[in-house]
Amino acid sequence: MTYTIERITALIGARRYGRTNASIVFLLTDSRSLCFAEETLFFAIKTMSNDGSRYLSDLYKRGVRNFVVNEVPENYEVLYPNSNFLKVSNTLDALQRLAERHRDEFAIPVIGITGSNGKTMVKEWIYQLLSPSLIVTRSPRSYNSQTGVPLSVWLLTNNTQLGVFEAGISEPGEMDSLRDIIQPTIGILTTIGDAHQENFTSLEEKCNEKLKLFTDSKLLIYNEDDSLVKRCVEQFSFKGQRFSLSRQNEKATLYVSNVLKNNTDSVISYSYKGVEGSYKIPFIDEASIEDSIECLAVGLYLGIDKNAIEERMTSLEPVAMRLEVKEGRHDCTLINDSYNSDINSLDIALDFMSRRPDAKERQRVLILSDIYQTGKPLSQLYSEVSALMKQRGVDQFIGIGPEICAHQDCFQLPNSSFFITVQDFIDSELFSNLRDNIILLKGARRFGFDKITELLVKKVHETTLEVNLSALVQNLNFYRSYLKQDTKLVCMIKANGYGSGAVEVAKTLQDHRVDYLAVAVADEGVALRKHGVTANVMIMNPEMSSFKTIFDYELEPEVYSFRLLEALIEEAEKEGITQCPIHIKLDTGMHRLGFDPIHDMERLISILKKHQNTIIPRSVFSHFVGSDSDNFDDFSAQQFSLFDKASKQLQAAFTHHILRHIDNSAGILHFPDRQLDMCRLGLGLYGINSRDNQIINNVCSLRTTILQMHKIGRNETVGYSRKGTVERETIVAAIPIGYADGLDRRLGNRNCYCLVNGHKAPYLGNICMDVAMIDVTDIPCKEGDSVEIFGDKLPVTVLSDTLGTIPYEVLTSISERVKRVYFQD
């Protein structure tokens with residue numbers, strides 16, 4: 001839908017500066033995602049860590065002419081001619097108000113989904129079940145935040161017959177605005193768990209806050225078997241109809257009488273309004289069963305024929321709620337997003353591809369299937385796809401499907417090819433000639449895109465470390481929320497990003513504008529530079545042989561001793577280096593590295609002053625010994641006192657500002673008054689709160705697969721040295737991971753476990769170099785099933801606690817031969 005700039009000005013109550021005519025189709029909050037500049041309205045949103053007004057000039061150069069701002073730039077007529085600036089008191093409020101007014105235009109059923117777990121899965125399965133009957137507009141991926149929800153609701157068009165939007169909150173008070181934007185007529189409350197619990201006093205408080213989404217809804221779907229949910233719903237002053245789900249109460253609106261789990265599928269029997277029914281889903285896990293029941297409730301309430309629902313349930317597809325990046329054959333990189341195909345998710349995926357570290361150097365290839373259920377004329381739809389590809393920099397297009405082939409004239413990209421089926425493409429010369437490309441696979445699974453993935457992906461060790469870059473950003477923002485607005489942040493990515501892969505992590509952090517990156521040695525910094533990382537990079541343990549490398553690649557060394565300082569000065573003067581930035585480390589109690597803050601300061605300052613044209617102190621820092629424990633608070637106070645005095649002494653000797661930092665991840669949370677100019681974020685970035693050993697947002701998941709299963713008798717042994725004796729008839733599964741991959745041998749002999757289909761599977765016998773054995777006797781599983789060594793459901797802290805060590809050691813022990821797979825939610 002298109003809005004004039006005049007109408008938007010009125011809808012958000014803005015004061016307009018500029019009189020340029022404009023029609024707005026797209027809303028933008030992230031400057032990196034710009035696509036159609038002329039029809040875009042940019043909201044310069046200010047957050048704790050960033051300010052959208054910084055990007056006005058860049059966006060103007062790229063063609064944007066319409067902006068919503070808190071403050072209009074001085075001389076805007078000269079600096080930004082032919083533009084419109086809409087001045088409001090709060091740009092986020094303005095975005096939300098515009099989406100709310102847009103929502104008012106639609107008198108259609110709108111489903112609002114909230115809860116702690118399952119929101120995105122339920123949303124996507126509702127889409128799969130109902131889109132054959134209705135034109136459905138839904139949230140892209142997990143766009144459920146204060147900015148994500150308005151951007152999702154903005155996607156409603158005149159063709160939409162049903163809206164499905166999810167809402168997520170992280171603190172009290174956030175749901176009111178999301179309710180007003182979504183205005184759900186049907187509400188679904190999924191399970192309530194510990195996610196984002198840190199800002200709520202109890203699960204009950206969080207549940208009550210989430211229920212606010214449904215204040216004005218006509219219908220509320222909820223699971224009455226969950227005592228917390230049932231209690232909160234009963235206390236909720238809800239005026240609409242309550243639609244209860246239960247496996248225990250026959251009088252519930254939807255009574256699930258039986259759940260039969262087979263090897264690969266589940267059969268769910270139910271009763272609704274006196275009518276019996278049953279359906280089958282191709283999943284056996286409890287989460288999928290619960291999600292399917294909620295989807296069933298929606299379909300039945302909306303009057304979809306139960307036979308149609310039951311037929312579609314058998315074809316439910318697993319939802320990949322992430323964009324997976326894998327190494328492909330012939331030096332290709334694969335971005336797999338083949339779980340669905342629609343133009344909104346296509347835009348997100350193309351944007352993700354364009355931000356890849358190597359996107360500018362390599363050909364970008366899009367493989368796309370037919371797109372269904374949009375409600376648009378196909379010629380219009382595929383013309384929009386063609387325009388989108390052009391804006392996102394696609395170099396080669398491969399269309400698969402009868403509809404795309406019939407409308408190939410809509411595609412203006414010169415390097416385009418079309419195939420009726422996936423097999424036609426696989427059999428073609430084009431498929432065998434793909435080389436050194438970035439390939440985005442985007443298609444409906446019914447076309448069999450998994451065959452393309454199977455053939456293109458490089459065959460590697462079946463054990464992978466999955467790295468969730470979205471979770472990394474969530475952890476970054478979690479800690480940023482504790483920082484003062486002007487406090488800078490240095491993020492630690494030494495030891496190959498704590499095992500997760502320094503380059504991908506660094507590029508992500510650079511995109512989110514952290515102030516510094518820190519690595520251990522110069523070679524790690526060089527690797528970042530060679531992969532296009534331009535952010536400031538601190539070298540924490542510089543070797544004297546690496547000085548020239550540090551100068552050549554504009555890296556910034558830590559200096560902790562006079563010997564190192566004098567050698568650095570000598571080499572810098574020899575190379576003709578001027579004002580090389582360095583970071584001074586003081587030893588206030590760690591007694592590892594650093595200058596003495598009492599006895600070394602005068603000599604240190606004298607040398608620095610003498611050679612300030614050659615080197616210049618950029619920061620001075622120290623390290624808390626025990627900020628993760630209240631037991632060391634007195635010692636931490638002594639450390640801070642020493643650092644505060646010595647760092648001020650250093651600053652007093654120079655006219656330029658020297659950054660002071662001592663807070664680490666735990667210190668950010670425990671000592672907010674000691675943030676100073678900058679803080680250092682290490683383990684917390686990777687999702688582990690060292691204050692309580694709890695997971696914030698899990699970043700790394702180590703997974704493997706079951707190679708083989710066999711049954712052994714009572715009192716038989718498993719593995720080397722016959723250490724694993726079984727006390728009953730046992731089913732043993734072999735998995736391709738061992739101590740050469742980083743799986744510690746001490747975890748063997750039932751000292752710890754992994755997860756198979758959500759069930760604990762203890763390690764049997766000694767862990768071998770390349771293989772481990774696990775007990776799956778009571779677990780429904782088969783060869784080829786996925787095994788979680790640690791991850792979302794099995795925290796890495798379980799392993800570190802078992803080993804009597806810290807999570808750092810587990811994460812950094814993962815072998816380089818374990819393939820890293822990166823994805824973004």
Side-chain angles (χ1 to χ4, degrees), residues 35 317 320 322-356 358-374 376 378-459 823-824:
C35 191
E317 298 176 352
R322 61 199 190 188
L323 289 158
E324 291 184 326
V325 181
K326 298 182 178 181
E327 186 177 355
R329 298 168 54 214
H330 308 307
D331 297 316
C332 289
T333 297
L334 302 183
I335 303 173
N336 187 19
D337 190 29
S338 57
Y339 83 97
N340 67 12
S341 181
D342 63 83
I343 195 163
N344 295 320
S345 63
L346 173 61
D347 188 23
I348 293 170
L350 288 172
D351 180 35
F352 179 76
M353 178 167 70
S354 70
R355 295 196 207 174
R356 290 282 307 157
D358 49 357
K360 293 182 180 179
E361 292 79 30
R362 306 169 75 189
Q363 289 268 311
R364 306 179 205 176
V365 179
L366 169 64
I367 304 177
L368 178 71
S369 77
D370 287 349
I371 300 177
Y372 296 113
Q373 285 96 34
T374 66
K376 296 181 179 180
L378 293 180
S379 57
Q380 176 188 342
L381 171 67
Y382 291 119
S383 294
E384 290 178 7
V385 171
S386 177
L388 189 61
M389 288 193 298
K390 181 179 179 182
Q391 291 291 329
R392 292 295 186 200
V394 172
D395 300 298
Q396 182 177 5
F397 174 63
I398 299 167
I400 298 177
E403 290 182 355
I404 278 186
C405 288
H407 292 83
Q408 56 186 276
D409 291 344
C410 297
F411 294 90
Q412 303 302 313
L413 198 68
N415 195 5
S416 297
S417 304
F418 299 88
F419 302 90
I420 296 291
T421 68
V422 161
Q423 194 59 50
D424 292 339
F425 169 52
I426 291 173
D427 293 338
S428 71
E429 185 177 346
L430 175 60
F431 179 82
S432 57
N433 287 337
L434 289 172
R435 294 286 190 282
D436 194 29
N437 307 122
I438 302 177
I439 302 172
L440 171 62
L441 292 163
K442 191 80 180 74
R445 189 170 269 107
R446 71 186 74 178
F447 281 89
F449 268 40
D450 53 329
K451 296 178 184 177
I452 303 175
T453 306
E454 176 68 20
L455 292 172
L456 285 181
V457 73
K458 186 175 182 179
K459 303 305 178 189
F823 62 88
Q824 177 176 301

Which atom of [X] lies closest to which atom of [Y], heavy atoms considered:
X	Y	result
D436	C332	N-SG, 3.6 Å
I400	T421	CG2-C, 3.7 Å
Q396	V394	O-CG1, 3.3 Å
S386	F411	OG-CA, 3.6 Å

Next item on the list: Please list, chain by chain and in numerical order, all residues satisfying side-chain contact (heavy atoms from CB on, under 4.5 Å) with E403, sequence neighbours excluded.
Entry: D370, Y372, L378, Y382
Next item on the list: Taking side-chain contact (heavy atoms from CB on, under 4.5 Å) as the test, write out the residues that go with D395, two or more places apart.
Entry: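 Scan of D395 (side-chain contact (heavy atoms from CB on, under 4.5 Å), adjacent residues dropped) gives Q363, R364.
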Check: For the residue pair F397 and F418, does the interplanar ring angle fall in the parallel (under 30°), tilted (30 to 60°) or perpendicular (over 60°) class?
Finding: perpendicular
Inter-residue atom distance [X].[atom1] - [Y].[atom2], 0.5 Å rounding:
X	Y	atom1	atom2	answer
S383	L388	OG	CG	12.5 Å
S369	I371	OG	CD1	7.0 Å
L430	I398	CG	CD1	4.5 Å
R329	S432	CZ	OG	9.0 Å
I452	Q423	CD1	CD	9.5 Å
T453	N336	OG1	CG	4.0 Å

Check: Are the charged groups of D351 and R392 less than 4.0 angstrom apart, N to O?
Finding: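 A salt bridge links D351 with R392.
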Heavy-atom distance under 4.5 Å between the side chains of [X] and [Y], does that happen here?
X	Y	value
K442	L366	yes
R362	T333	yes
I426	F419	no
I367	F449	yes
L440	F352	no

Check: Is the backbone N or O of R435 less than 3.5 Å from a side-chain atom of N437, with the two atoms forming a donor-acceptor pair by type?
Finding: yes
Margin query: Treating Q408 as the side-chain partner and C405 as the backbone partner, does any N or O pair qualify as donor plus acceptor under 3.5 Å?
Written below: yes
